[in-house]
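Indexing begins at 1, ligand by ligand and atom by atom, following the structure's order. The residues of the chain are indexed from 1 along the displayed sequence.
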Amino acid sequence: MSFVIKLRWFFKERWKYYVLAISLMICVNLLATIPPKMIGNTIDQIRSGNLTASSLSQTVLLLVGLSLLLYVFTYVWITTLFGNSALVEKVLRGRLLAHLTKMTPAFFQRNSTGQLMALATNDVLAIGQTSGYGVMTLVHTLVGASVVIITMISLISFKLMIAALIPLPFLALVISKLGQKVRIRFLAAQASFGQMNDHALESISGIRVIRSYVQEDHDLVAFDKVTSEVMNKNKRVSMLNALFQPLTSLIVGLSYSIGIGYGSYMVFHDEITLGQLISFNIYLGMLIWPMISFGEFINVLQRGSASADRLDTALTQKADIVDVDAPIAVSVPERIEMQGLTFTYPTANHPSLVNVSFQLKRGQTLGIVGRTGSGKSTLLKQLLRQFPIEPGKLLVSGVPIERIALDQVKRWVAYVPQEHLLLSKSIRDNVALGKHDASPEEIARAIEMASFTQDIEQMPEGLVTIVGENGVMLSGGQKQRLAIARALLIDSEILLLDDSLSAVDARTESRILQHIRKERAGRTTLISTHRLSAVSHANWILVLDEGRIVEEGTHEELMLFGGWYREQWERQQMEASLEE
Ligand code: ATP
Ligand code: MG
């Protein structure tokens, strides 16, 4: 039942198709009762010597015509019903992806990629099967069985029917018990399928690391364990599946014995004719399929609803960050301000930012430096609104950021993350990710600003070179500059550079920074870095340590202050001069 409730929207939308398919199935079932009756009649005619050539040929013609009609009807209902299956799969996959794009990092920490892939493949498939094949088996069972039973009663004998169907309730009982087991085992199988996905993903994407540490065999053994687990769990499901059919045959066999035994007795006592007995046994045979269908239906339904539950759990997880009811419109981010912001990651027990305050006017540059793990990336990420924060501590133009529409904030910000992410598309498409319709001139300009032009000239196919999965074809510095070009192309109000120049040499870095300063005059930039020369020009510099601001000021002030900043600066300058 929960399956129907969860897919209510779909059945509502497609009810016409279901009505068509089900009506045709009912017609097919009704029409299929005619031939046995005709056969029984003919036999009785033979016995009584009333059979004529014309009545025989009439019967044969009717039978042929009926088969043709059944053929057409069956074709139409099958394509209609299974078309629905394909459609529900398509729609659900679309919904899942749309949902995932709205989710924040916390969601992806809770749900691994492999499990999400399992949802999009196996689970969606199981749901599709239930809404096509499942419906078919259900209708077959209900209509098939009731049509046959009514015909038996009306044309032959109520007593015989009751006697022959005595074993059926047992069948129903056992099947429903089995069904519950199927559900439990199927859930376990799907979960381990997700784990297998995770493992495969990691092995493939981490193949270089695995090879360089000569861990192939170890990884294979581990993978073997996961796949065995999946196999065993699926075996446990199919062991149950295999029980359904023999069970049905057993019960139907019992029915047959009763039908033949008691039926013959009735023929002897002239309660029914021989023809009626034969018809009756053909009808009994026709009950096999609805019975098997019933088993299949329970089986498919249990799997479909298990999958629907799994999918539902993912789809009902709300984004941690949603728009407030009445967002305040801010046209331009004139000022960015933190007022004593303390921030703890949802999964952490220590805060990663403690009482951080600063103020940045439009057009200014903020530098963020500090030891590794001091909270630089965390500070930048606050402007991406990925995690819930204390209200009223981060303000844009004096308005708390959580009161501004999410889309608005996202439109302001261009972000170059510390771990760049490239798509396996061409360089051009990677750069134009945020602005698909950018003109060739705009793209060339962004690439020039990122000092990436020369590299592209040397590539086999220039701009249309495909960079491979996550940019495997590019060097670390090239990936970084591509990511910068991507951010510069959208010409945003706020630019966040998270250690984005760590893999390029100092000279290239200063050239890129110069371009950025010139091009982005009047707009705001936040730079986190380990190389202090990248922020020495900034209007304000924060030095973080364990999430706290320990020093702050302009480059000159910090040099005068003579703390961590000055010490680092001098060391880096010395290293640079030694290198030269
Ligand atoms: P680096 O210079 O190495 O890039 P960073 O200054 O950018 O370091 P952050 O990435 O901001 O440091 O991390 C600050 C602290 O927050 C670290 O102690 C880190 O372990 C923790 N942290 C970072 N990301 C998460 C997360 N998603 N969940 C929980 N803790 C996190
Ligand atoms: Mg960082």
Margin query: Between Thr508 and Ile512, is the side chain to side chain contact (heavy atoms under 4.5 Å, CB included) condition met? List the steps.
Written below: CA-CA 6 Å; Thr508 313; Ile512 297 173; 4.0 Å; yes
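A search for side-chain contact (heavy atoms from CB on, under 4.5 Å) contacts involving Leu87 returns Phe10, Arg14, Val91, not counting sequence neighbours.
Taking the six-membered ring where the residue is Trp, Tyr345 and Phe343 present perpendicular rings, their angle passing 60° and hence far from 30°.
Under 4.0 Å from any atom of ligand 1, one finds heavy atoms of residues Gln109, Tyr345, Thr347, Ser352, Arg371, Thr372, Gly373, Ser374, Gly375, Lys376, Ser377, Thr378, Gln418, His530.
Protein N/O/S atoms closer than 2.8 Å to the Mg ion (ligand 2): Ser377 OG, Gln418 OE1.
Under a cut-off of 6.0 angstrom, the local environment of CD in Glu546 is sparse, with at most 12 non-hydrogen atoms contributed by other residues, nucleotides or ligands. Heavy atoms from other residues, nucleotides or ligands lying under 6.0 Å from NZ of Lys233 number more than 12.
The aromatic ring centres of Tyr565 and His555 sit less than 6.0 Å apart.
Legend: salt bridge (charged side-chain N to carboxylate O under 4.0 Å, His left out) pairs involving residues 341-351, not counting sequence neighbours: none detected.
A salt bridge does not link Glu442 to Arg445: none of the charged nitrogens lies less than 4.0 Å from a carboxylate oxygen.
Between Ala306 and Phe186, the closest heavy-atom pair is CB-CD2, 3.9 Å.
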